[in-house]
Amino acid sequence: MSVHETMPIETAVSVLRPRVKVILGAAMLFAAAAVLSPVAFAKLTFLLVSAVLVLACVALCAGPYVARRWLMLRVGMPARLLQHDPAASFVTGLDGQILYANPASARVLGARRAVRCVM
């Protein structure tokens, strides 16, 4: 999967991220319902729903950071190995999308930076 493809989870995160405040509000309402409920099973249910909503908000906020870290871990080792290679070297995804181009590839292709080779 290339850097530029969108996975279903990324689509869901991009749609839900603007609604994090609303989801946290719903979590607060469920927590308040747990406090006000006289039945123990209802309290537990409301608290669990509230906790799941809060965890979903944390996941939505941490999503971009985790995606960037995953990409750096995926590309990082080959990039560190190829950075000092005098030959033009590229790291590609399974679909052929270029994920990394070393500085020598920029010199060979006449670009000022390797980033221009990738774009």
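Note that the structure is a prediction, hence the values are computed from the model and not measured. The figures here come from the full heavy-atom set of this structure, side chains too, leaving out hydrogens, waters and symmetry mates. Along the sequence shown, residues carry numbers from 1.
- Within 6.0 Å of atom CZ in R19, 12 or fewer heavy atoms from other residues, nucleotides or ligands are found, so the atom counts as exposed in its surroundings.
- Here the shortest heavy-atom pairing between P18 and V15 reads CD-O, 3.4 Å.
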Check: residues 43-62 side-chain donor-acceptor pairs under 3.5 Å, at least two apart:
{"from": "K43", "atom 1": "NZ", "to": "S37", "atom 2": "O", "distance (Å)": "3.4"}
{"from": "T45", "atom 1": "OG1", "to": "F41", "atom 2": "O", "distance (Å)": "2.9"}
{"from": "S50", "atom 1": "OG", "to": "A27", "atom 2": "O", "distance (Å)": "2.9"}

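- At least one donor-acceptor pair under 3.5 Å links the side chain of N102 to the backbone N or O of D85.
- Scanning both residues, P86 and A104, for their nearest heavy atoms gives O-CB, 3.4 Å.
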